[in-house]
Amino acid sequence: GSLSIGTGSTLQATGADAAKSLLVAENVTNSGTIVIGDNVTIEAPFDTVNIDMIASASAGDLAVKNAGQIATTTVTISNKVDENRLAVQNLEVQDGTTLVANVQMEVSETAQLGMGAHWELNSPKDSTVSAKIFAEFATIEKTGDSTLTLTGDNSGFTGILYVAGGKLVAQGNTALGTGMVNVSQGAELSLASRDEMTADALYLYSGSTVSFVGDTALPLTDSLTLGE
C-alpha cells in the first residue's frame with residue numbers, strides 16, 4: 001500500500017522489514033514533515049512537493065518519481081536541524097523528476113537518473129557521493145557553499161554536471177563522468193586523480209576556478225570554453 005501525508009502532519013516511515021511508498025496526496029508547500037526510513041519511494045503527483053526532515057535518516061534505497069500526468073515534478077528534501085543527514089545506498093530519480101537535496105546527502109552504491117531528471121545537491125555541510133552514477137539525458141547540479149566530493153566510477157554518466165556554487169572535488173579519473181562540466185562564477189572544480197580525467201567538455205565561466213592536485217590531467221575530447 002501507500003502512506004499519505006497531509007498538510008501539517010508528521011509521518012514516520014522507519015524500519016527495514018519492507019519497502020514503503022510515500023504518496024503525497026496534495027500539493028504540499030512547506031508543510032508535512034517526515035522521518036525517512038529504509039527503502040522509501042516518494043511518489044509526487046503534483047509539480048512541487050517539499051519535505052522537511054526532522055531527524056537524520058538512513059534509507060537503504062530511495063526512489064523519487066512522478067506519479068501524476070504532469071510533465072515534471074520537483075521534490076525538495078530539507079533540514080529541520082543542521083545535524084540532519086540522509087545516507088542512501090541506491091538512489092533513483094525517475095524521468096522528468098527533479099530532486100533538490102537541501103540536506104547532507106551521501107549515496108554509497110548507485111545513483112540512477114532517468115531521462116530529463118535533475119539532481120541538485122545543496123548540502124549545508126561537506127558531503128561525499130561514492131556511488132556509481134548512471135544517466136544519459138540528465139543533469140547534476142552542485143549548489144551552496146559546501147564541498148561535494150565525487151569518488152565513484154561515473155563513466156556511465158554522460159549528462160551535464162553543473163558546479164554552480166561551493167567546491168566540487170573529483171577523486172578518480174571517471175568521477176566527472178564523460179559528459180560536459182560547467183563551472184560557474186565563484187565556484188571551484190578540484191581535480192584529484194593519478195590518471196587522466198574522462199570529461200568530454202569543460203566550460204569555465206568568468207571568475208570560476210579549476211585546481212589540479214598532483215599530476216592530474218584533463219584531456220578533453222570535445223572542447224574547453226572560457227566564458228566571459
Side-chain angles (χ1 to χ4, degrees), residues 38-39 58-65 77 85-95 97-101 103-123 125-144 146-183 187-204 209-224:
D38 290 331
N39 303 327
S58 178
D61 295 327
L62 176 62
V64 181
K65 63 175 65 176
I77 300 177
R85 176 174 172 267
L86 179 59
V88 176
Q89 290 180 344
N90 297 291
L91 173 69
E92 181 182 7
V93 182
Q94 295 193 352
D95 295 355
T97 303
T98 293
L99 173 62
V100 180
V103 63
Q104 186 180 8
M105 184 175 187
E106 300 186 343
V107 185
S108 59
E109 294 187 9
T110 64
Q112 180 74 50
L113 309 181
M115 182 173 294
H118 180 74
W119 183 19
E120 179 181 341
L121 295 110
N122 183 27
S123 172
K125 295 183 178 180
D126 295 349
S127 58
T128 299
V129 172
S130 56
K132 295 181 179 180
I133 303 174
F134 300 94
E136 186 173 359
F137 300 104
T139 56
I140 299 174
E141 184 177 12
K142 161 69 180 76
T143 58
S146 62
T147 297
L148 171 65
T149 301
L150 301 179
T151 64
D153 176 6
N154 299 326
S155 55
F157 177 74
T158 61
I160 303 176
L161 176 61
Y162 294 96
V163 187
K167 181 178 181 180
L168 188 142
V169 179
Q171 291 186 351
N173 66 311
T174 60
L176 294 176
T178 57
M180 176 180 290
V181 181
N182 288 266
V183 186
E188 179 180 354
L189 173 63
S190 177
L191 305 177
S193 172
R194 295 181 178 180
D195 300 313
E196 294 181 347
M197 307 295 289
T198 59
D200 185 44
L202 178 62
Y203 190 99
L204 303 178
T209 300
V210 175
S211 59
F212 293 83
V213 179
D215 297 327
T216 301
L218 183 63
L220 301 171
T221 58
D222 188 349
S223 63
L224 168 63

K.L.:
Could you tell me whether the side chain of Gln104 and the main chain of Asp126 form a donor-acceptor pair under 3.5 Å?
P.N.:
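Confirmed, Gln104 side chain pairs with Asp126 backbone.
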
K.L.:
Measure the shortest side-chain to side-chain distance between Asp200 and Thr158 over non-hydrogen atoms and say whether it is less than 4.5 angstrom.
P.N.:
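Answer no - side chains too far apart.
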
K.L.:
Can you sort out the partners of Glu106 under salt bridge (Lys or Arg N to Asp or Glu O under 4.0 Å), two or more places apart, ordered by chain and number?
P.N.:
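With neighbours one apart ignored, the set is Arg85.
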
K.L.:
As an exercise, state the distance from OG of Ser155 to NZ of Lys132, rounded to the nearest 0.5 Å.
P.N.:
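If we round to the nearest 0.5 Å, Ser155:OG and Lys132:NZ are 7.5 Å apart.
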
K.L.:
For Asn154 and Ala175, indicate whether the former's side chain and the latter's backbone hold a donor-acceptor pair under 3.5 Å.
P.N.:
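Here the side-chain-to-backbone pair exists.
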
K.L.:
Could you give me the CA-CA distance, side-chain angles and deciding distance for Leu113 and Leu99, then say whether side-chain contact (heavy atoms from CB on, under 4.5 Å) is met?
P.N.:
CA-CA 10 Å; Leu113 309 181; Leu99 173 62; over 6 Å; no

K.L.:
From Lys167 NZ over to Leu148 CG, what is the distance, rounded to the nearest 0.5 angstrom?
P.N.:
12.0 Å

K.L.:
How far apart are the C-alpha atoms of Thr128 and Gln171, what are their side-chain angles, what is the distance that settles it, and do they pass the side-chain contact (heavy atoms from CB on, under 4.5 Å) test?
P.N.:
CA-CA 10 Å; Thr128 299; Gln171 291 186 351; over 6 Å; no

K.L.:
Of all heavy-atom pairs between Gly144 and Asn122, which one has the smallest distance, and what is that distance?
P.N.:
CA-OD1, 3.2 Å

K.L.:
Can you tell me how far the CD atom of Glu109 sits from the CD atom of Gln89, to the nearest 0.5 Å?
P.N.:
4.5 Å

K.L.:
What residue among Leu202, Asn182, Ile140, Ile133 forms side chain to side chain contact (heavy atoms under 4.5 Å, CB included) with Leu161?
P.N.:
Ile140

K.L.:
Applying side chain to side chain contact (heavy atoms under 4.5 Å, CB included) between Trp119 and each of Thr139, Thr97, Val107, report the one that passes.
P.N.:
Val107

K.L.:
Where do Val100 and Thr143 land on the side-chain contact (heavy atoms from CB on, under 4.5 Å) test, with the steps shown first?
P.N.:
CA-CA 10 Å; Val100 180; Thr143 58; over 6 Å; no

K.L.:
Using the side chain to side chain donor-acceptor pair (under 3.5 Å) rule, take Glu188 and Ser211 through it: C-alpha gap first, then chi angles, then the decisive distance, then the call.
P.N.:
CA-CA 8 Å; Glu188 179 180 354; Ser211 59; 3.1 Å; yes

K.L.:
Kindly compute the distance separating CG (Asp153) from OG (Ser130), expressed to the nearest 0.5 Å.
P.N.:
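Rounded to the nearest 0.5 Å, the CG-OG separation comes to 12.0 Å.
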
K.L.:
I need the minimum non-hydrogen distance between Ala138 and Gly114, along with the two atoms involved.
P.N.:
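Scanning both residues completely, I find the closest heavy atoms to be CB-O, 3.6 Å.
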
K.L.:
Which atoms form the tightest heavy-atom contact between Val163 and Ala187, and what is the distance?
P.N.:
O-CB, 3.4 Å

K.L.:
In Å, rounded to the nearest 0.5 Å, how long is the span from CG of Leu204 to CG of Leu189?
P.N.:
8.0 Å

K.L.:
Going from CD1 on Ile160 to NE2 on His118, what distance comes out if it is rounded to the nearest 0.5 angstrom?
P.N.:
10.5 Å

K.L.:
Checking the side chain of Lys142 only, and the main-chain atoms of Gly165 only, is there a donor and an acceptor separated by less than 3.5 Å?
P.N.:
yes

K.L.:
With a 3.5 Å distance limit and no angle check, can you tell me whether Ser146 reaches the backbone of Ser123 through a side-chain donor-acceptor pair?
P.N.:
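Yes, Ser146 side chain to Ser123 backbone: donor-acceptor pair under 3.5 Å.
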
